[in-house]
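Take a look at the structure set out below.
Throughout, protein chains are lettered first and strands after them, A, B, ... in sequence-line order, and every chain is numbered starting at 1. Bear in mind the structure is a predicted one, so any value in this text is a computation, not a measurement.
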Amino acid sequence: MGSEHGHDHEHDHGDWPYPHPKQPDLEDGPLTHHMAMTEAVAELLIDKGIFSADEFRRQLELMDSKSPAEGARMVARAWADPDFKAHMLEDVNAAAKEMDIDAGGIPIMAVENTPDVHNVIVCTLCSCYPRNLIGLPPDWYKSRAYRSRMVREPRAVLAEFGTVLPDDVEIRVHDSTADLRYLVIPRRPEGTEGMDEEALTALVTRDSLIGVTHLKTE
Amino acid sequence: MTARYSVGDKVRVRRADPPGHVRTPTFIRGHAGTVTKVVGSFANPEELAYGRPGTPKQTLYWVQFPQTELWPDYQGGLKDTSVVDVYESWLDSAEEGA
């Protein structure tokens with residue numbers, strides 16, 4: 001224990017007058033209608049042999065294993081190789097396959113930031129997100145505040161992420177309401193001319209792929 | 001199927017408020033924008049949501065709106081825009097004389 005526990009004194013929690021607040025268990029919240037329905041449907045699909053419990057688990061594991069690393073690799077390749085970038089702007093899913101990345105069956109559109117246009121992604125209706133290339137969305141992406149404010153006052157929201165752009169740059173907000181997902185190709189930071197693809201990949205952050213930030217070299 | 005609109009066409013989103021699973025957000029209804037991409041045709045998700053086949057397929061467009069068209073009091077660059085995915089059944093022509 002010690003430093004790992006956040007404080008290094010020996011103590012007995014039993015008579016400590018200020019106990020840690022307990023992290024609530026999942027079951028401490030109410031079981032909502034939709035939670036019950038989700039469980040019921042999953043159980044029925046397994047009972048009826050549509051898929052097995054293990055296949056269900058594997059699919060969840062696969063979804064959880066996705067991370068922004070795949071999207072970052074594609075952006076680094078696009079920076080390094082203009083032909084690949086053209087392919088990516090034409091068809092992200094096919095370009096991903098070229099790199100042995102499975103972008104899934106939903107068409108993903110790449111939108112490229114330029115000196116004149118800064119793209120940013122939102123899903124005002126729910127939380128559509130290019131999960132196959134950048135993993136599960138952060139909680140803020142799903143929040144009502146982000147979803148409503150990003151179309152209403154994008155510059156104020158971007159400023160809260162530390163991103164301030166001059167008024168003559170067009171902020172272009174993409175609302176993915178339908179059958180498409182979006183991925184931003186951020187601008188390649190200055191001073192990275194000599195870097196190879198692997199070094200470039202390490203520069204690309206999740207938030208830059210959503211479009212709420214720029215990339216800087218440090 | 002043939003797409004009714006082409007890139008560059010001015011369109012207006014229908015001011016409708018149908019019940020059920022709707023994919024056109026309220027903030028663009030009644031507003032005019034420009035088609036910037038004809039994406040392709042998709043089974044209609046507003047039908048698929050109820051277990052129906054989603055036919056006929058719907059053409060999906062990117063429609064770009066100036067922020068100042070959507071929000072008269074918009075604070076920010078005059079060039080700022082929103083681009084929304086909109087199905088053809090939600091669009092009317094907004095060309096002069098249409």
Subject >> Any A:L180 side-chain heavy atom under 4.5 Å of B:V39 side chain >> reply: yes
Original post:
Hey, does the side chain of A:R155 reach the backbone of B:G76 with a donor-acceptor pair shorter than 3.5 angstrom?
Top reply: no
**OP:** Determine, step by step, whether A:D167 and B:L78 satisfy the side chain to side chain contact (heavy atoms under 4.5 Å, CB included) criterion, reporting the C-alpha distance in whole Å, the side-chain angles of both residues, the deciding distance to 0.1 Å, and the verdict.
**Re:** CA-CA 7 Å; A:D167 274 1; B:L78 292 175; over 6 Å; no
**OP:** Mark yes when over 12 heavy atoms from residues, nucleotides or ligands other than A:E98 sit less than 6.0 Å from its CD; otherwise mark no.
**Re:** yes
**OP:** Before accepting this row, confirm whether a basic side-chain N of the pair A:R181/B:D85 lies closer than 4.0 Å to the acidic partner's carboxylate O.
**Re:** no
Original post:
Heavy atoms under 4.5 Å from chain A: which residues of residues 60-67 of chain B carry them?
Top reply: B:L60, B:W62, B:Q64, B:Q67
Can you list, pair by pair, the side-chain donor-acceptor contacts under 3.5 Å of residues 23-49 of chain A, counting residues two or more places apart and other chains?
| unit_1 | atom_1 | unit_2 | atom_2 | d |
| --- | --- | --- | --- | --- |
| A:D28 | OD2 | A:D25 | N | 2.9 |
| A:T32 | OG1 | A:M35 | N | 3.2 |
| A:T38 | OG1 | A:H34 | O | 2.6 |

**OP:** Measure the OG1-OH distance between A:T177 and B:Y87 for me, rounded to the nearest 0.5 Å.
**Re:** 7.0 Å
Subject >> CD on B:Q75 to CD on A:E153, rounded to 0.5 Å >> reply: 9.5 Å
Original post:
Hey, which residues of residues 73-97 of chain A are touching chain B, say heavy atoms under 4.5 Å apart?
Top reply: none
**OP:** Give me the contact list for residues 107-132 of chain A versus chain B, heavy atoms only, anything under 4.5 Å, ordered by residue number.
**Re:** A:P107, A:M109, A:V111, A:T124, A:L125
Subject >> Which of B:T24, B:D73, B:V86, B:I28 touches chain A most, by non-hydrogen pairs under 4.5 Å >> reply: B:D73
Identify the heavy atoms of [X] and [Y] that sit nearest to each other, and give their distance.
X     : Y      : value
B:K79 : A:D168 : NZ-O, 3.1 Å
B:P25 : A:D175 : CG-OD2, 3.6 Å
B:D80 : A:I171 : OD1-N, 3.0 Å

